[in-house]
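The structure appears right after this line, and notes come after that.
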Amino acid sequence: MSQVRVRFAPSPTGYLHIGGARTCLFNWLFARKLGGKLILRIEDTDFERLKENSIQQILSSLKWLGLDWDEGPEKEGDSGPYFQSQRLEIYKSQADRLIKEGKAFYCYCTPDELDEQRQKARETGTHFRYNGRCKELCEEEKERFLREGRKPVIRIKAPSEGVTVVNDIVRGKVSFDNSLLDDIIILKSNGVPAYNFACVVDDSGMKISHVIRAEEHLSNTPKQVIIYQALGYDCPQFAHVPMILAPDRSKLSKRHGATSVEEFRVQGYLAEAIVNYLCLLGWSAENQDEIVSLKEASKQFTLERVSKNAAIYDTKKLTWINGHYLKTSDIDYITNLALPFMDKIDIPLHGHDFEKIKSIVALIREKVWTLTEIAEGSKYFFKREFEYEQKGVEKYFNREGVSELLGEIIKKMEAVEPFNQSTVESVYRTYAEELGIKAAEIIHPTRLALTGRTVSPGLFEIMEIMGHEECVHRLLKAIEFIELNKK
């Protein structure tokens, strides 16, 4: 088999969508498994929908996910340019060739005339198909249309009988009735290529061996096959991967939550967790394991294991996978990832050494699912000024004798050496036994005093990290608050 060459061809009209990222991932895995190349092509000819900085945002998201490409922007190769806007002359020359060969023709029909044809089809209950009136125009008619200011498109002559067959690696053999296909527009009146034409010219010019893309493009494929045949190009092998649907099996949209890679990145998801999750959207590992690294997936990936059924978008599963990586990855790595999220919410890290921050992250990550939650959960370690949760005040601080309990705890901790999780816990449990009460009756108000919260990681781990002096400071402050609120 000749070298595998696949491509990912995003349109820079916004952030990298989760569906686009999945398409790129499957192409990347296929290429890496077979020692092939991934070409990144930017389809930027939809000028009205282009968004500033979108290209850089897409490139940034791909790099963050670890999906590198072999040719494309920033990695020039022999098949460029890799921006469709820089390939307009290539499309025009190929369209002109088809005109000369009699395989395409200029169509001067106006939008109003085409709308009239569509209306007649609706009235008669028939499928609309361009009537081909411009195929046999004489030179005088063409000149008259040009004098009228009509700017023609170029259409390819499509067959009106028989079927066009697409042999798809995932879908199998799919047949399309040619009578339902139009004479395909390949070049618009402004000289910009139609999607299907540019796609074929580029894929052939870039020697693409396999076109792996989303199922919604399957309906475009017979048109592209006809264009391949007209141009005399060999067709690549097609593989249409399943659609990604919302949990209610509707089309995925913003109302279902985050849908772009950048949104998840900002929310504190890890790149490896997103890649792992994307692997499972329409493909399964050999052992059905739900935790699969990019390296392992690249060894196992085959198109034959891609499902025909729609993949269901489930952010709960993604969050679970993210939590797994958050809890099991190297703590130095996770701490470095968490630092920008701490900075974002103005946590004063200055003066705290990395080892202390790392111990805080190690404690917090056991109870949370994202980097954002790590940052949020660590605030009270670094900020002395915080409000106590009102429900905690009512339940734990407004109890008779609580300030005396906390005051006695301060005294009992004076002689604790070393001040660590086990020694402090021993003090609390011994004191509770002396009083004949449950340790929770001291632990809960202490937690509220130290963190301002009613829920946190283990109290004694928190106290070890904070240290004796800081714990005493916060307990005294809580006692002061309790006494003031008695008056």
Side-chain angles (χ1 to χ4, degrees), residues 1 3-8 10 16-40 58-75 77 169-170 208-210 212-214 239 241-242 244 260-262 264-265 267-307 311 313-315 317-338 365 369-371:
M1 184 174 72
Q3 186 186 50
V4 165
R5 288 174 64 87
V6 295
R7 48 78 162 176
F8 176 55
L16 179 63
H17 189 272
I18 208 77
R22 195 273 304 262
T23 297
C24 185
L25 172 62
F26 281 14
N27 276 279
W28 188 94
L29 291 170
F30 186 73
R32 296 298 175 260
K33 169 73 181 294
L34 298 175
K37 290 190 175 182
L38 171 64
I39 289 79
L40 178 62
I58 290 171
L59 299 186
S60 174
S61 290
L62 292 176
K63 291 174 185 176
W64 181 68
L65 291 173
L67 303 179
D68 57 327
W69 54 97
D70 302 291
E71 295 178 28
E74 302 177 1
K75 290 189 179 181
I169 297 172
V170 175
I208 301 302
S209 63
H210 296 75
I212 304 168
R213 58 190 177 190
V241 300
I244 301 175
S260 75
V261 171
E262 186 62 22
F264 285 114
R265 184 179 185 178
Q267 289 176 14
Y269 286 80
L270 277 62
E272 47 266 66
I274 295 176
V275 167
N276 189 149
Y277 177 65
L278 292 176
C279 280
L280 305 179
L281 287 178
W283 177 79
S284 58
E286 292 171 4
N287 58 4
Q288 301 295 309
D289 196 350
E290 294 196 321
I291 300 300
V292 55
S293 68
L294 189 60
K295 182 178 180 180
E296 185 58 37
S298 67
K299 294 177 182 176
Q300 294 188 29
F301 187 83
T302 65
L303 290 171
E304 286 72 21
R305 291 189 65 84
V306 172
S307 172
Y313 182 71
D314 181 3
T315 53
K317 187 170 184 177
L318 168 59
T319 301
W320 176 82
I321 292 172
N322 199 67
H324 169 83
Y325 283 98
L326 207 63
K327 294 168 178 60
T328 59
S329 298
D330 176 74
I331 186 58
D332 285 39
Y333 171 67
I334 295 298
T335 302
N336 279 311
L337 290 180
R365 72 172 176 171
W369 303 98
T370 66
L371 293 168

Go through L337 and S329 one step at a time and tell me if the side-chain contact (heavy atoms from CB on, under 4.5 Å) criterion holds.
CA-CA 11 Å; L337 290 180; S329 298; over 6 Å; no

K63 charged N/C atom sitting above W69 aromatic ring, 6.0 Å / 45°
no

Do S284 and R305 pass the side-chain contact (heavy atoms from CB on, under 4.5 Å) test, and can you show the C-alpha distance, the side-chain angles, and the key distance before you say yes or no?
CA-CA 7 Å; S284 58; R305 291 189 65 84; 3.3 Å; yes

With sequence neighbours excluded, residues passing salt bridge (charged side-chain N to carboxylate O under 4.0 Å, His left out) with D70:
R32

Answer yes or no: is there a donor N or O on one side and an acceptor on the other, between the side chain of Q300 and the main chain of A285, under 3.5 Å?
no

Stepwise, does the side-chain contact (heavy atoms from CB on, under 4.5 Å) test hold for W283 with L29?
CA-CA 11 Å; W283 177 79; L29 291 170; 5.6 Å; no

Of L65, I58, L278, V275, the one forming a side chain to side chain contact (heavy atoms under 4.5 Å, CB included) with V261 is L65

Supply the atom-to-atom distance L294 CG to W28 CH2, rounded to the nearest 0.5 angstrom.
4.0 Å

Is N336 reaching over with its side chain to a backbone N or O of D332, donor-acceptor style, under 3.5 angstrom?
yes

Return the minimal non-hydrogen interatomic distance between P10 and L40, and the atom names on each side.
CD-CD1, 3.8 Å

P242 and A311: which non-hydrogen atoms are nearest, and at how many Å?
CB-N, 4.3 Å

When rounded to the nearest 0.5 angstrom, what distance separates CD1 in I18 from OG in S61?
9.5 Å

Quick one: do F301 and V306 satisfy side-chain contact (heavy atoms from CB on, under 4.5 Å)? Show the steps, please.
CA-CA 9 Å; F301 187 83; V306 172; 4.1 Å; yes

Minimal heavy-atom distance between D314 and Y277, with the atoms involved, is N-OH, 2.5 Å

As an exercise, state the distance from CZ of R265 to CG of L16, rounded to the nearest 0.5 Å.
11.5 Å

Hey, what do you get for CG (L371) to OG1 (T335), rounding to the nearest 0.5 Å?
10.0 Å

Over all heavy atoms of both residues, which pair between A214 and T23 is shortest? Give the atoms and the distance, please.
N-OG1, 4.3 Å

Any donor and acceptor pair, going by atom type alone, linking the side chain of S209 with main-chain N or O of R5 inside 3.5 Å?
yes

Axial cation check for F26 ring with R22, 6.0 Å and 45° limits:
yes

Point-to-point distance, once rounded to the nearest 0.5 Å, from CD1 of I334 to CG of L326:
5.0 Å

Under the rule for salt bridge (charged side-chain N to carboxylate O under 4.0 Å, His left out), what residues qualify as partners of K75, not counting sequence neighbours?
none

Minimum heavy-atom separation for V6 to I212, with atom names?
CG1-CD1, 4.1 Å

Closest approach of C24 and L62, non-hydrogen atoms and distance?
SG-CD2, 3.6 Å

